[in-house]
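Step one of this worksheet: look at the structure below.
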Amino acid sequence: MKTEERTYFIRTFGCQMNEHDSERLAGMLEAEGYMPASGAEDATVVLFNTCCIRENADTRLYGNLGHVKSIKDRQPGKKIVVAGCLAQKDRSLIQEKAPYVDVVLGTHNLSSLPRLLREADEAPSFEILEQTETFPSALPTKRNSPWHAWVSISIGCNNSCTFCIVPAVRGREESRRMGDIVHEVESLVSDGVVEVTLLGQNVNSYGRDLDGTPMFSKLLYALNDVAGLKRVRFTSPHPKDFRADSVRAMAECEVVCEHIHLPVQSGSDRLLKRMKRAYTQERYLEKVRMVRRAIPEVAITTDIIVGFPGETEADFEQTLAVVAEVRFDGAYTFQYSPRPMTAAAGMADHLPKEVVQERYDRLLELQEEIGVERNARHLGATEELLVEGSSRKDPERLTGRTRTNKLVHFPNDGSAEGTFRSVKITATRPHYLEGEVTVQGAATAAPRSRLSLPLMAAASSGCSTCS
Ligand code: SAH
Ligand code: SF4
Ligand code: F3S
């Protein structure tokens, strides 16, 4: 096959870590001379970067593979690649279930893609490793956005939340050296990036494997000094490791956005223990109070699992109570899905689907009401927006994001994506805001008040699991 005929199409499932990895996979393919294709039909290589966090992620992949097979039957030269977490989990099962797949590679060996593709010219190739060969950040990249970048600060996870398959498919936590991260961000900024999202399964334990102490707050201060960088986001902090030093850094560093995604999972102490989350409802609420005292305008979002094995109506009501008390700006709500290689899968008392669905609907209803209320607080406010491009539903409007991560639609005034605008909020909806531009030209981040540190001191001490 001639080089100029080689094209690729990547379909990414799962979390931002997979988005990040897909950009590296694309970068390697482009370094090999592949060009992007507009869809699976036109591509010589179709790559699925997969997720296995819940069972429906598995089902979706095999459905998608079946669809690409029908295209491959018409275009025999096409290569199908399955990478990522589901590949790491299912291993040879993928080629057993879908023998037309040409390449399978796992989460630890992204760098092998070009070689495995070459080997697949002869016969299907398969490689799953147990440890990361090359940190994905060291690989070439093809970013989807000229102004935003995912920056991996650590890979893997050392926690053992009993519902979660991530440690089994992503391995032990490994932090990148701080200098390498700062250097990457500096070169991203010189390339036109204004916003970065730091990625790690538990960003607050960043650095513990380097010199024994978590260094996440130091990293935030270091990034605050990167000239030209306007916004830093991160995902996800773990409530057990989220401490006063990180809150202080969030409040003091102008580049760090006023948004935190703090997964609670459940409000019941009994279930939190069974989940091995290492905090109680009260400890979680203390963290919320700590961050709100320091940054009153902060938006807080969360993840919640409904129907964990053994969840009683009383447990579930504790989750509703936390939601009602915290008043989250948004919540990703999940029905518990048993996963192989997790402790919870083997627990007794899995709940009937109807019970889980009924609780899930109640939770959604409550959170919808709260989401409306939280968005309504922005009415009439002037917000700094980072323009993301045309609104998907209405090309007459542009879309941007506030520092608090709220989506805002506003009339298309020709603003370029990646630029900042000052927008007055004129209407609020359950899942987005509407606004109009008040100032043309680049807006800069509004100066933020310095926090009063004694507010946090009380919340940062006194718990063996969290301090
Ligand atoms: N490392 C991140 C979470 C990654 S998984 C963190 O700790 O915040 C993203 C979310 O998927 C989790 O927060 C959890 O709410 C959900 N999740 C994970 N395993 C699940 C399962 N087996 N069933 C349902 N939801 C699950
Ligand atoms: Fe999974 Fe828990 Fe690790 Fe998050 S912290 S990836 S939920 S094991
Ligand atoms: Fe992410 Fe899914 Fe893997 S949530 S880490 S892509 S299992």
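Counting convention: from 1, in listed order, for ligands and their atoms alike. Worth knowing before you read on, the calculation uses all heavy atoms, side chains too, and leaves out hydrogens, waters and symmetry mates.
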Legend entry - Proximity flag Q335 to ligand 1, non-hydrogen atoms under 4.0 Å: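 Under 4.0 Å: yes for Q335.
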Legend entry - Whether I53 lies under 4.0 Å from ligand 1, heavy atom: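 Flag set, I53 near ligand 1.
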Inset, instruction - Using the ring of F334 (Phe, Tyr or Trp, six-membered ring only), decide whether R54 places NZ or CZ under 6.0 Å from its centre and within 45 degrees of its axis. - result: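 Cation-pi check for R54 and F334: passes.
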Please check whether [X] reaches ligand 1 - meaning an N/O of the residue sits under 3.5 Å from an N/O of the ligand, judged on distance alone.
X: N202; answer: no
X: S337; answer: yes
X: H238; answer: no
X: P237; answer: no

Inset, instruction - Give a yes or no on whether C51 keeps an N, O or S atom under 2.8 Å from atom 2 (Fe) of ligand 3. - result: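 Here the distance criterion (N, O or S atom, under 2.8 Å) is met by C51, so yes.
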Legend entry - Protein heavy-atom partner closest to atom 5 (S) of ligand 2 - residue, atom, separation in Å: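 Of every protein heavy atom, N159 ND2, 3.4 Å lies nearest to atom 5 (S) of ligand 2.
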Inset, instruction - Give the residue and atom name of whichever protein heavy atom lies nearest to atom 1 (Fe) of ligand 3, and the separation in Å to one decimal. - result: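 Result: C15 SG, 2.3 Å.
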Legend entry - Residue portion contacting ligand 3 (non-hydrogen atoms closer than 4.0 Å) for C85: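 C85 to ligand 3: side-chain contact only, backbone stays beyond 4.0 Å.
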Inset, instruction - Output yes if C157 passes the N/O/S-under-2.8 Å test against atom 3 (Fe) of ligand 2; output no otherwise. - result: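 Looking at C157, which is the residue asked about, there is an N, O or S atom under 2.8 Å from atom 3 (Fe) of ligand 2.
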With a heavy-atom distance limit of 4.0 Å, tell me whether [X] approaches ligand 1 through its side chain, its backbone, both, or neither.
X: Q201; answer: both
X: P263; answer: side chain
X: R54; answer: side chain

Legend entry - Sub-4.0 Å heavy-atom contact, R170 with ligand 2: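 Contact absent.
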Inset, instruction - Tell me which one of D303, L199, I165 gets a heavy atom nearest to atom 13 (O) of ligand 1. - result: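 Result: the heavy atom closest to atom 13 (O) of ligand 1 is in D303.
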